[in-house]
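Read through the structure below, which is laid out as C-alpha cells, and then see the notes.
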Number of protein chains: 2
Amino acid sequence: MPSLRVTQADVARHAGVSRSAASFVLSGREGVRIPVETRQRIMGAAQELGYRPNRTAQSLRTRKTQTIALIFDDIGATHYAGEMIQGALEAALERDHLLYIAETGSDPVTEEKLVQEMTDRQVDGVILAAMSTRTVRVSEQMRRNPTVLLNCLDEFGEFACVVPDEETAGRHAARLLLDAGHREGVHVVGGHHTTGGTPEGVFAAQKRMSGIEAAMEAAGTRLAGIIECDWSAPEHGYRATRSLLESAFVPTAVICCNDRLAIGACQALRESELRIPEDISLVSFGDPGLASWLRPPVTSVDLPHHELGRTAVSLLLSDDATPAIHRIPMTLSRRGSITAARDA
Amino acid sequence: MPSLRVTQADVARHAGVSRSAASFVLSGREGVRIPVETRQRIMGAAQELGYRPNRTAQSLRTRKTQTIALIFDDIGATHYAGEMIQGALEAALERDHLLYIAETGSDPVTEEKLVQEMTDRQVDGVILAAMSTRTVRVSEQMRRNPTVLLNCLDEFGEFACVVPDEETAGRHAARLLLDAGHREGVHVVGGHHTTGGTPEGVFAAQKRMSGIEAAMEAAGTRLAGIIECDWSAPEHGYRATRSLLESAFVPTAVICCNDRLAIGACQALRESELRIPEDISLVSFGDPGLASWLRPPVTSVDLPHHELGRTAVSLLLSDDATPAIHRIPMTLSRRGSITAARDA
DNA sequence: ATGAAAGCGCTAACAA
DNA sequence: TTGTTAGCGCTTTCAT
C-alpha cells in the first residue's frame with residue numbers, strides 16, 4: 001500500500017530539483033547556498049502539494065524528536081497538576097516541542113517502565129515531577145536522558161531542580177502580619193506537617209515554618225503558638241482552630257499552613273462569631289482558587305504552579321544542565337483578610 | 001558517530017541468526033514458526049545485551065506509534081483536568097500507549113497547528129476535550145485521524161463522544177429530596193446558566209435542569225422556584241441564596257447547580273443561622289473534593305472526570321469508531337446534608 | 001551549486 | 001523454516 005502522504009521526494013520532483021535540495025530548503029537549514037529562485041520553487045511546490053514533514057522519519061535520522069516527557073508521581077493528589085501542565089505546555093509550545101504526560105502512581109516499577117517507554121521513543125528530555133515537594137531517588141534509567149526535577153530535589157544535588165521558594169513565602173506571610181502590627185498574638189495552624197516518613201516535617205512545611213519564624217525573629221518577636229496538625233483536609237484546620245480558640249489567649253492573627261486548613265479555620269472562626277478581619281486576621285498559603293472563594297476572601301501566598309511547569313521545561317530545553325536549585329517566588333495575593341492590630 | 005544503542009542487528013548477530021528471525025521473535029508476532037531453541041537464543045541475547053526496540057524506527061515502518069493525543073481547549077479553566085488526564089493515562093497505559101497532552105486556549109489557529117503537529121508525529125488517534133460540555137466544530141485537519149470527542153459533541157453527530165449524563169444526574173438530585181419528603185419547598189440556585197453565546201443556557205445546565213424538572217413532575221409536583229445566576233464563583237451562589245432567603249417563603253431544600261454555588265449558599269445559610277440539614281436540606285453537583293470540604297459536607301452528584309478520560313481513550317483504542325454519544329453516569333455521594341421534610 | 005547514494009533501525013515480502 | 005532484500009521518509013556526506 002503506497003502512502004497517501006506527500007513526501008519530500010514528491011516535492012522535489014514537482015519542483016524539478018534533487019531530494020537533497022528539497023531537504024535543505026524544507027528543513028530550513030542554513031549554511032548552504034541555494035538560489036533564491038530554486039528555493040521559492042521548492043517552497044511553492046511544498047505549499048501546493050500540502051507537504052508536511054514526517055517527524056518520525058526526521059527523528060529516526062536526527063535522533064531528535066522535539067518531544068519531552070513530564071512524568072508525575074501522582075497527578076490526582078492535588079488540584080494543581082493542571083496548572084503545572086499548562087505552564088509546561090506553554091513553554092514547550094514556544095519552542096516547538098510536544099509534551100508526553102505520564103504518571104507513576106509513586107510506584108518505582110511503573111516509573112522504570114514509563115521512563116523506558118519514553119527513552120524508546122527517543123524523547124529529548126524527561127521532567128520528573130512530584131505533587132508535594134520532596135527528595136527523590138533518580139533511577140539509573142532516568143540518568144540516560146537529560147533530566148530536570150520539578151517540585152522535588154535529588155539527594156545528591158546532581159540535577160537541575162525547580163521548587164517553590166517556600167522559605168521566602170513564609171517570611172512574606174509573617175511580614176504581612178507584622179507590618180499590620182501583629183507582634184504578640186500570631187498563631188500558626190498546621191505546623192511542620194510531620195508524617196510517618198518525615199518526623200522532622202514535610203519539606204514545604206519546614207521551609208514555610210522556618211521562614212515565618214525567621215521573620216518574627218528579625219522583628220524582635222516570636223510566634224504565640226503553633227498548632228501542629230494534619231494538612232490534608234479542612235476538618236483538621238477546623239479542629240485545630242477550635243482548640244486554639246478554647247485556650248486562654250485569644251489569637252489576634254492566624255497563619256494557616258495551607259488553603260484547606262484555612263477553609264476549616266474560617267468555619268471554626270465563624271462558629272465562634274469571630275469576624276475576619278475585624279476580630280482576627282488570617283493569612284494562608286496555597287491555591288488562588290480556593291482562598292478567593294472563602295468569605296471573606298483570604299489573603300494568601302500562593303504556589304506558582306504555572307511558573308514551576310514553565311521553568312522546568314525552559315530549563316530542560318535550554319540545555320543548561322547545570323545542577324542547581326531554582327527557587328520560584330510564590331505570589332502574594334492581598335484579599336483583605338488582614339487588618340491592623342488593635343494595640344498597634 | 002555510531003549509535004551507542006543496541007540494535008536488533010546486534011541481537012541477531014549475537015544469537016547467530018538472521019535479522020528477520022530476530023525481528024519476528026522480538027516483536028512477538030505470531031504466525032511464523034521459529035524453533036523454540038532459536039527463540040530462546042534470541043531472547044537470551046536481547047536480555048544479555050540489554051536490547052530495547054527503537055520505537056521511532058518501528059513507527060516509521062509500521063505507521064503506528066502507540067501514542068495518542070489529548071487536546072484540551074483550556075486546561076486551567078477548572079480544577080478537573082488532572083482527573084480526566086489521570087483516567088486517560090490509566091486506559092492508555094493498559095494498552096501500552098503513551099499520551100501527548102496539548103492545549104489550544106480555545107484558539108482555532110493553535111488547534112490547527114497542534115493537530116498538525118500531532119499528525120506529523122503519526123499519532124494513532126486524537127481526543128478533543130472541552131472543559132465545559134458544549135458543541136464543537138471539528139476541523140478538516142482533525143478528521144484525518146481517528147477522533148473521539150471528550151466532554152463535547154459535534155454538531156452533526158459524526159463522532160464518538162463521551163459526556164457526563166447530566167440529565168440523569170439532575171433526576172437523581174431531585175429524587176434524593178423527593179424521597180426525603182421535600183415536595184413543596186424545593187428551590188434551585190443556578191438555573192440554566194445562560195450566557196451571551198447560549199441564551200438557552202449552557203449544555204450541562206439545561207440537562208441538569210430538565211432532569212430535575214422531569215423528576216419533580218414524575219412525582220406529581222414542581223419546583224418552588226429557580227434563581228438564575230452566574231455559576232462561576234461562590235459569590236453568585238451567596239447572593240442568590242440571600243435573595244432567596246429574603247423572599248416570603250423560606251425554602252425547605254435547595255439544589256445548587258454546582259459546587260461553587262454550594263459554597264456560596266452555605267455561607268449565606270450560615271449567616272442566616274439556618275442549619276444544614278436541620279433547617280434546610282442541600283444537594284449540589286460537582287467535584288467530590290469541594291463538596292466534602294464544606295461544613296457539614298454536602299451531598300452531591302459528581303462529575304465522573306476520571307471515567308470520562310478513561311472511556312474516551314478506551315473508545316479511541318478499541319477502533320469502535322461508531323458515531324455515538326456515550327453518557328457516563330455521574331456518581332452520587334451522600335454526605336448527610338439532606339434530612340426528612342418536617343411535614344413528611 | 002547540485003545530485004547520487006548511504007544509511008537511521010526496523011518490518012515484511014519474497015526467495016531459497 | 002531461514003535468510004536476503006527492499007524499503008518507511010528523511011538527512012548528510014561526498015563526488016560532480
Side-chain angles (χ1 to χ4, degrees), chain A residues 1-42 45-46 49-67 117 119-124, chain B residues 1-42 45-46 49-67 117 119-124:
Chain A
M1 175 192 78
S3 172
L4 302 168
R5 256 182 115 133
V6 177
T7 95
Q8 215 176 55
D10 295 333
V11 174
R13 200 176 313 119
H14 196 83
V17 300
S18 71
R19 283 165 55 206
S20 47
S23 174
F24 277 126
V25 173
L26 293 172
S27 62
R29 201 144 35 80
E30 295 157 21
V32 184
R33 280 171 302 183
I34 300 268
V36 174
E37 194 271 338
T38 308
R39 184 176 295 268
Q40 284 176 343
R41 203 143 36 91
I42 294 170
L49 298 175
Y51 168 77
R52 288 255 90 204
N54 179 325
R55 290 280 198 180
T56 307
Q58 277 183 335
S59 298
L60 180 59
R61 195 62 237 253
T62 62
R63 295 195 180 133
K64 290 253 163 289
T65 51
Q66 303 276 101
T67 61
E117 286 286 341
T119 309
D120 293 349
R121 283 170 174 81
Q122 307 194 125
V123 294
D124 297 343
Chain B
M1 176 192 78
S3 173
L4 301 170
R5 255 180 115 136
V6 177
T7 96
Q8 214 177 56
D10 295 332
V11 175
R13 202 176 314 119
H14 196 82
V17 299
S18 71
R19 282 163 55 207
S20 47
S23 175
F24 275 126
V25 173
L26 293 173
S27 61
R29 201 146 32 81
E30 297 158 20
V32 183
R33 278 173 301 182
I34 300 266
V36 174
E37 195 271 337
T38 308
R39 185 177 294 269
Q40 284 176 343
R41 202 141 38 93
I42 294 171
L49 298 174
Y51 168 77
R52 290 254 90 207
N54 180 325
R55 291 280 198 181
T56 308
Q58 277 183 334
S59 299
L60 180 58
R61 194 62 236 256
T62 61
R63 294 191 179 130
K64 291 256 165 285
T65 52
Q66 303 276 102
T67 62
E117 285 287 341
T119 310
D120 293 350
R121 283 174 175 79
Q122 309 194 123
V123 294
D124 298 341

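- Considering only the side chain of B/Ser18, D/dT4 comes nearest among D/dT4, D/dT11, D/dC10.
- A straight line from CD1 of A/Ile42 to P of D/dC10 spans 14 Å, rounded to a whole angstrom.
- Two residues are said to be in side-chain contact when any heavy atoms from C-beta on lie closer than 4.5 Å; A/Val25 and A/Thr38 fail this criterion.
- Nearest-nucleotide mapping onto DNA chain D: of B/Leu60 and A/Ala21, the residue sitting toward the 5' end is B/Leu60.
- OP1 or OP2 of C/dG9 sits under 4.0 Å from a side-chain N or O of A/Arg63.
- Between B/Ser20 and B/Ala57, it is B/Ser20 whose nearest contact on DNA chain D lies nearer the 5' terminus.
- At the heavy-atom level, A/Thr56 lies nowhere under 4.0 Å from the strands shown.
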For this session: Would you check, one step at a time, whether the test side chain to side chain contact (heavy atoms under 4.5 Å, CB included) holds for B/Thr67 with B/Arg121?
Result: CA-CA 9 Å; B/Thr67 62; B/Arg121 283 174 175 79; over 6 Å; no
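- For the pair B/Gln8 CD and C/dG9 C1', the interatomic distance rounds to 8 Å; values are reported in whole Å.
- You'll find that the side chain of B/Thr7 is closest to C/dC10, out of C/dC10, D/dT12, C/dG7.
- Taking atom NZ of B/Lys64 as the reference point, atom C1' of D/dC8 lies 14 Å away to the nearest angstrom.
- Taking atom CD on A/Gln122 and atom C1' on C/dC10, their separation rounds to 12 Å, with Å as the unit.
- Of the candidate nucleotides D/dT5, D/dT2, D/dG3, D/dG3 has the atom nearest to the side chain of B/Val17.
- For A/Arg13 and C/dG3, the CZ to P distance is 14 Å, given to the nearest whole Å.
- In this structure, CZ of A/Phe24 is placed 10 Å from C1' of C/dT2, rounded to the nearest angstrom.
- Taking the nucleotide of DNA chain C with the nearest heavy atom to each of A/Thr38 and A/Arg19, the more 5' of the two is matched to A/Thr38.
- As rounded to whole Å, 16 Å separates atom C1' of C/dG7 from atom CD of A/Gln58.
- The interatomic distance linking B/Leu49 (CG) with C/dG9 (P) rounds to 15 Å, in whole Å.
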For this session: Check step by step if side chain to side chain contact (heavy atoms under 4.5 Å, CB included) holds for B/Val11 and B/Val6.
Result: CA-CA 8 Å; B/Val11 175; B/Val6 177; 4.3 Å; yes
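- Using a 4.0 Å heavy-atom distance criterion, B/Ser59 is classed as making no nucleic acid contact.
- Note: A/Glu37 CD to A/Ile42 CD1 = 9.5 Å, rounded to the nearest 0.5 Å.
- Pairing each heavy atom of B/Gln8 with each of B/Leu26, the nearest pair is CG-CD1, 3.6 Å.
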